[in-house]
Amino acid sequence: MLDPKLLRDDPAKLIERLNTRGGDFAEVIEQLVALDAQRRASQTEFNRAQAEGNQIGKQVGERLRRGTDAGDPEVFALKQRGIDLKATLAQLQDQERELAERFAALLPTLPNVPRPEVPIGKDENENREMRLWGTPPVFDFEPVAHWDLGERLGLMNFARATLVAQARFVTLVGDGALLERALIAFMLDRHRAHGYLEILPPYLVNTASMTGTGQLPKFAEDSFRCRDDDLWLIPTAEVPVTNLYRDEILTDTQLPIYHCAFTPCFRREAGSYGRDTRGLIRLHQFHKVELVKFCRPEHSSAEHEKLVADAEDVLQQLELPYRVIELCTGDLGFAAARCFDLEVWLPSQNRYREISSCSNFADFQARRANLRFKAPDKKGTEFVHTLNGSGLAVGRTFAAILENYQNRDGTVRVPEALKPYVRKDVLSR
RNA sequence: GGAGAGGUGGCUGAGUGGUCGAAAGCGACGGAUUGCUAAUCCGUUAUAGGGCAGGUAACUCCCUAUCGAGGGUUCGAAUCCCUCCCUCUCCGCCA
């Protein structure tokens, strides 16, 4: 959610900056500016009436305390004024509430303002490639897709997952399960070494949490919901971990907070029916290790760079070729002020595929989730800045390892960094 | 699932209709005292919104709201009534 002050200070500038995302925000913002002015005027009026009512209440109390008879004409007159005021008060309150509700309903529909550094562009074609790392492997045979490799090696079984659940689920078997577990442990160990405190959060969260990080109300149809219990299956660890400090005022000395968390993630993938129907790329349930940071506003850019570096480190340790791209204004997610994607090389697809998305939300999420901090010597509170990124999507990492480390005979070498976890050199039948 | 208890400021905890945004204690901060520490004393110590109040500003002042949430009674609600949510304890069941 945006700072309402942006609307008052310089609406033209706000329109200009939001429009870089594509679309035209002029109308909504003008509407909001008008609503905001009306709302404040209405609130002032309502407050005045409330003050008068409080005054009457006090006067009655004072007289009665001094022993004035309850039937005294003066007291009676005061009471009558109080009764008269009630109708006005109710009317003013309704008006104020309606305006506030309309404002509160409209404001969260605005996306975050892209940071000035973000390249202007329409869509993913105008994303900026920041750097390449590693070299895609050269095969003297046709590289096999990870799902074929995986099934032939007995590491995964899609048919049985469909039998047990639905399409877009997988069952990992034997060394497949082991490799998944190894990746999770490896990633968490790396992040812990970099100062992230490991969290194992609930996988079901309430509506307030989903709203706090912005999954609701916009993306309700993308999430799995337990209707009987007001609980949602988390689409990412970002939700429970960011909401850990919802409605809290942190002390400035607590910042920055670094958390890493492994969780399963559940997504309905509504509207992606034709895409990535095979393999581990797009499933209803997948594993992810997430990095989440809370910091002071002035540090969020530097923390963002470090977060990206920490995610990259995992790929480097695994010696998987990847590239880093910066999303342009047109491709930026709703809540993000700036975002870098890490894309890993997938030989069978002969291209880079997203494996991590590292976003700086600035105060956008913090405002929604009411995440603040306070410096003892300063008056008032400030919203923290939140950042998060995958470190990494485990299933996609699994896929990348199979494809990049495959041999002609269909076996797969285990990356050096994973050997202590897998305790094997090669995955074979 | 059955029975009961309870939700008050950073924490503990008083408050059952009238200057209660809320006693007291703890903690924290500022000051005094002190060779140092400790102790003692004094003071400060919630958040948010609004203001056509003052200041370049940091900020100050005023009004309003908030004692789990929403509604009701009343001139007036932390306090009475209703609904909902949540937490805890005991019993049962269960990983």
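Basis for what follows: all heavy atoms, side chains included, without hydrogens, waters or symmetry-related copies. In what follows, chains carry the letters A, B, and so on, assigned in the order in which the sequence lines appear, proteins first and then strands, with residues in each chain numbered from 1.
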Just list the side-chain donor-acceptor pairs under 3.5 Å for residues 182-190 of chain A, sequence neighbours left out, or say none.
unit_1	atom_1	unit_2	atom_2	d
A:Asp189	OD2	A:Tyr421	OH	2.6
A:Arg190	NE	A:Asp313	OD2	2.9
A:Arg190	NH2	A:Asp313	OD1	3.0
A:Arg190	NH2	A:Asp313	OD2	3.3

- prompt: If you measure only the distance, is there a donor-acceptor pair under 3.5 Å linking the side chains of A:Asn47 and A:Thr44?
  reply: no
Any side-chain N or O of [X] under 4.0 Å from OP1/OP2 of [N]?
X	N	answer
A:Thr381	B:A48	yes
A:Arg48	B:G50	no
A:Arg39	B:G49	no
A:Arg40	B:G51	yes

query: Of the non-hydrogen atoms in A:His385 and A:Arg115, which two are nearest, and what is the gap between them?
result: CE1-NH2, 3.5 Å
query: Does any N or O donor sit under 3.5 Å from an N or O acceptor when you compare the side chain of A:Asn47 with the base of B:G51?
result: no
Pairwise [atom1] distance, [M] and [N] [rounded to whole Å]:
N	M	atom1	answer
B:A77	B:C67	P	12 Å
B:C61	B:G54	C1'	7 Å
B:U79	B:U74	C1'	13 Å
B:G72	B:C29	C1'	43 Å
B:G13	B:A58	P	40 Å
B:G92	B:A3	C1'	11 Å
B:G25	B:U45	C1'	15 Å
B:G6	B:G68	P	14 Å

message: For A:Lys374 and A:Gly82, find the nucleotide of RNA chain B closest to each by heavy atoms; which residue's nucleotide sits nearer the 5' end?
response: A:Lys374
task: Hey, which sits more toward the 5' end of RNA chain B by its nearest nucleotide, A:Lys5 or A:Gln50?
output: A:Lys5
task: Among B:U64, B:U19, B:G50, find the nucleotide with the atom closest to the side chain of A:Ala51.
output: B:U64
- prompt: Are A:Asp222 and A:Arg267 side-chain neighbours, meaning at least one heavy-atom pair lies under 4.5 Å?
  reply: no
query: What is the ring orientation for A:His259 with A:Tyr245, classed by angle as parallel under 30°, tilted 30 to 60°, or perpendicular over 60°?
result: parallel
field: Secondary-structure stems for RNA chain B, with pairs counted as Watson-Crick or G-U when both distances are under 3.5 Å and runs at least 3 long
entry: B:1-7 with B:85-91, B:10-12 with B:24-26, B:27-32 with B:40-45, B:46-51 with B:61-66, B:68-72 with B:80-84
Exceeds 12 heavy-atom contacts within 6.0 angstrom, atom CZ of A:Arg8: yes
message: Run the ring-ring contact (aromatic ring centres under 6.0 Å, His included) test against A:His304 and tell me which residues pass, sequence neighbours left out.
response: A:Phe340
Carboxylate-amine/guanidinium proximity below 4.0 Å for A:Asp9 and A:Lys5: no
Under 4.0 angstrom, heavy atoms only, what part of the nucleic acid is [X] near: base, sugar-phosphate, or nothing?
X	answer
A:Arg372	sugar-phosphate
A:Arg8	sugar-phosphate
A:Ile83	sugar-phosphate

What protein N or O atoms touch nucleotides 66-74 of chain B N or O atoms at under 3.5 angstrom, if any, and at what distances?
unit_1	atom_1	unit_2	atom_2	d
B:G71	OP1	A:Arg97	NH1	3.0

Which atom pairs, one a donor and one an acceptor, fall under 3.5 Å between side chains of residues 230-237 of chain A and the rest of the protein, sequence neighbours left out?
unit_1	atom_1	unit_2	atom_2	d
A:Asp230	OD1	A:Thr207	OG1	2.2
A:Trp232	NE1	A:Thr207	OG1	3.0
A:Thr236	OG1	A:Glu238	N	3.0
A:Thr236	OG1	A:Lys288	NZ	2.8

Whole angstrom is fine here: how far is it from [atom1] in [X] over to [atom2] in [N]?
X	N	atom1	atom2	value
A:Phe76	B:C75	CZ	P	10 Å
A:Leu64	B:G18	CG	C1'	8 Å
A:Lys79	B:G18	NZ	P	14 Å
A:Leu107	B:G49	CG	C1'	15 Å
A:Leu89	B:U64	CG	P	12 Å
A:Arg63	B:G18	CZ	C1'	13 Å
A:Asn54	B:C20	CG	P	13 Å
A:Tyr245	B:G10	OH	P	18 Å

- prompt: Using the benzene-type ring in the case of Trp, are the ring centres of A:Phe224 and A:His284 under 6.0 Å apart?
  reply: yes
Let me have the donor-acceptor pairs involving side chains of residues 76-87 of chain A, under 3.5 Å, with sequence neighbours excluded, atom names and distances please.
unit_1	atom_1	unit_2	atom_2	d
A:Gln80	NE2	A:Asp84	OD1	3.3

